[in-house]
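Data first, discussion second: the structure below is written as C-alpha cells.
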Amino acid sequence: MTDEPTDEAVERFLDRAAAALDDYDEGYADADATLATLRTHVDELSESVEDSGDGGDHEA
C-alpha cells in the first residue's frame, strides 16, 4: 500500500533538489546557497512525512 501524500512529497523534494543541484552545476548558485536550499527542501519533506504519519504509529 502506498501513501500518496508522502509519495507526492518525495516527488516534489526530488524535483526541487534536482533543480537546486542543476543551478549549482550551471554556476547559478554557489555551494552555500545550494546547501541552504537543499536543507529547506529536506525540512519541508520531513514536515510533510511527519504530518502524513499522524495517527499511523502503532505501538505494541
Would you give me the side-chain donor-acceptor pairs under 3.5 Å for residues 17-33, sequence neighbours excluded?
from: Asp30; atom 1: OD1; to: Asp32; atom 2: N; distance (Å): 3.3
from: Asp30; atom 1: OD1; to: Ala33; atom 2: N; distance (Å): 2.8

* Asked: Taking only residues two or more places apart in sequence, or in another chain, which ones meet Val10 in a side chain to side chain contact (heavy atoms under 4.5 Å, CB included)?
  -> Thr6, Leu14, Leu45

* To do: Report yes if the side chains of Glu8 and Ser48 come closer than 4.5 Å at any heavy-atom pair, otherwise no.
  => no

* Which pairs with one or both residues in residues 33-49 pass salt bridge (charged side-chain N to carboxylate O under 4.0 Å, His left out), sequence neighbours excluded? -> Arg16-Glu44

